[in-house]
> 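Below are the structure tokens for one structure; questions will follow.
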Amino acid sequence: MATIQFAQGIDEDVVPDVRLTRAKDGSNGIATFYFDKPKALEMTNTDSITGMYMIDEEGEIVTREVKAKFVNGQPTALEVLHLMKSVEEWDRFMRFMERYAEQNELGFSKSS
């Protein structure tokens with residue numbers, strides 16, 4: 001099972017829009033996640049959002065680059081950047097995403 005959490009122990013139900021970019025030589029990459037109206041923002045204490053945790057049978061991938069988007073002073077979305085600085089980190093992330101995508105019926109399309 002592959003899941004995403006913002007507060008440890010609380011699975012995020014909203015499936016994000018995910019965009020991937022990778023260096024031509026494959027040495028590094030960035031995944032940008034956009035969660036529209038995530039459950040994490042409904043919590044009474046958003047201070048418990050300490051990062052984004054991608055959890056599967058291999059373990060946990062953590063990123064701390066989490067930013068809230070606000071409309072009229074209210075948080076409406078979360079944008080998360082996950083930096084991958086090696087081929088190994090990219091491969092591990094892609095294994096997580098394959099599991100997460102299959103579980104949540106996400107598709108993948110390459111840009112032209």
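This is a predicted model, so every value here is computed, not measured. Residues take their numbers from the sequence shown, with the count starting at 1.
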> How about Glu79 and Asp17: do any of their side-chain heavy atoms sit closer than 4.5 Å?
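No, side chains not in contact.
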> Using 0.5 Å steps for rounding, measure from the CD1 atom of Ile61 to the CE atom of Met84.
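Going from the CD1 atom of Ile61 to the CE atom of Met84 covers 9.0 Å.
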> Any Lys/Arg nitrogen of Asp13 or Lys37 sitting under 4.0 Å from an Asp/Glu carboxylate oxygen of the other?
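Here Asp13 does not pair with Lys37 in a salt bridge, since their nearest N and O are not under 4.0 Å apart.
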> Can you find a heavy atom in the side chain of Leu78 that is under 4.5 Å from one in the side chain of Val66?
yes
> Using 30° and 60° as the class limits, which term best fits the ring planes of Phe96 and Tyr100: parallel, tilted or perpendicular?
parallel
> For Pro38 and Ala77, which heavy atoms make the closest approach, and how far apart are they?
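Result for this residue pair: CD-CA, 4.0 Å.
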> Give, for atom CD of Glu12 and atom CD1 of Ile4, the distance between the pair rounded to the nearest 0.5 Å.
8.0 Å
> So do Glu58 and Arg95 actually touch side chain to side chain, heavy atoms under 4.5 Å?
yes
> Counting C-beta onward and ignoring hydrogens, is there a side-chain heavy-atom pair between Asp11 and Gln5 closer than 4.5 Å?
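Sidechains of Gln5 and Asp11: in contact.
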> Please check if Val14 and Val80 belong to a single hydrophobic cluster, counting links between Ile, Leu, Val, Met, Phe, Trp and Tyr side chain heavy atoms closer than 4.5 Å.
yes
> Look at the side-chain heavy atoms of Ile, Leu, Val, Met, Phe, Trp and Tyr, link any pair under 4.5 Å apart, and say whether Val18 and Trp90 land in one connected group.
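Yes, it is one cluster - the side chains of Val18 and Trp90 are joined through contacts under 4.5 Å.
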> How far does CE of Met94 sit from CG of Leu20, to the nearest 0.5 angstrom?
5.5 Å
> Would Met1 and Ile55 count as a side chain to side chain contact (heavy atoms under 4.5 Å, CB included) if you check the C-alpha gap in whole Å, the side-chain angles of each, and the deciding distance to 0.1 Å?
CA-CA 8 Å; Met1 184 169 129; Ile55 303 165; over 6 Å; no
> Once you round to the nearest 0.5 Å, how far does CD1 of Ile30 lie from CG of Leu83?
5.5 Å
> To the nearest 0.5 Å, tell me how far Leu81 CG sits from Phe33 CZ.
10.0 Å
> Quick check: does any side chain N or O of Arg64 sit under 3.5 Å from a backbone N or O of Thr50, one acting as donor and the other as acceptor?
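Checking the backbone N and O of Thr50 against the side chain of Arg64, a donor-acceptor pair under 3.5 Å is found.
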> Taking atom CD as the centre, does Glu57 end up with more than 12 heavy-atom neighbours from other residues, nucleotides or ligands that are less than 6.0 angstrom away?
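Enclosed: over 12 neighbouring heavy atoms sit under 6.0 Å from CD of Glu57.
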> Would you kindly confirm whether Val15 and Ile49 end up in one hydrophobic cluster when ILVMFWY residues are joined by side chain heavy atoms under 4.5 Å apart?
yes
> Measure from the side-chain N and O atoms of Glu89 to the backbone N and O of Lys85, and report whether any donor-acceptor pair falls under 3.5 Å.
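Judged by distance alone, yes, a pair lies under 3.5 Å.
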> Looking at Arg22 and Val87, what are the two nearest heavy atoms and their distance?
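The pair with the smallest heavy-atom distance is NH2-CG1, 4.2 Å.
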> Do Glu65 and His82 have side chains that get closer than 4.5 Å, going by heavy atoms?
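Contact flag for Glu65/His82 side chains = no.
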> Do Pro16 and Tyr34 have side chains that approach each other closer than 4.5 Å (heavy atoms only, starting at C-beta)?
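No, side chains not in contact.
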> Any chance you could lay out the side chain to side chain contact (heavy atoms under 4.5 Å, CB included) test for Asp56 and Arg92, step after step, and finish with the verdict?
CA-CA 11 Å; Asp56 63 10; Arg92 168 66 179 102; 2.7 Å; yes
> Return yes if some donor-acceptor pair links the side-chain N/O of Asp25 with the main-chain N/O of Ser27 below 3.5 Å, else return no.
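Checked: pair present.
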> Below 4.5 Å, heavy atoms only, C-beta onward: do Met52 and Val62 meet side chain to side chain?
no
> Once you round to the nearest 0.5 Å, how far does OG1 of Thr76 lie from NZ of Lys69?
9.0 Å
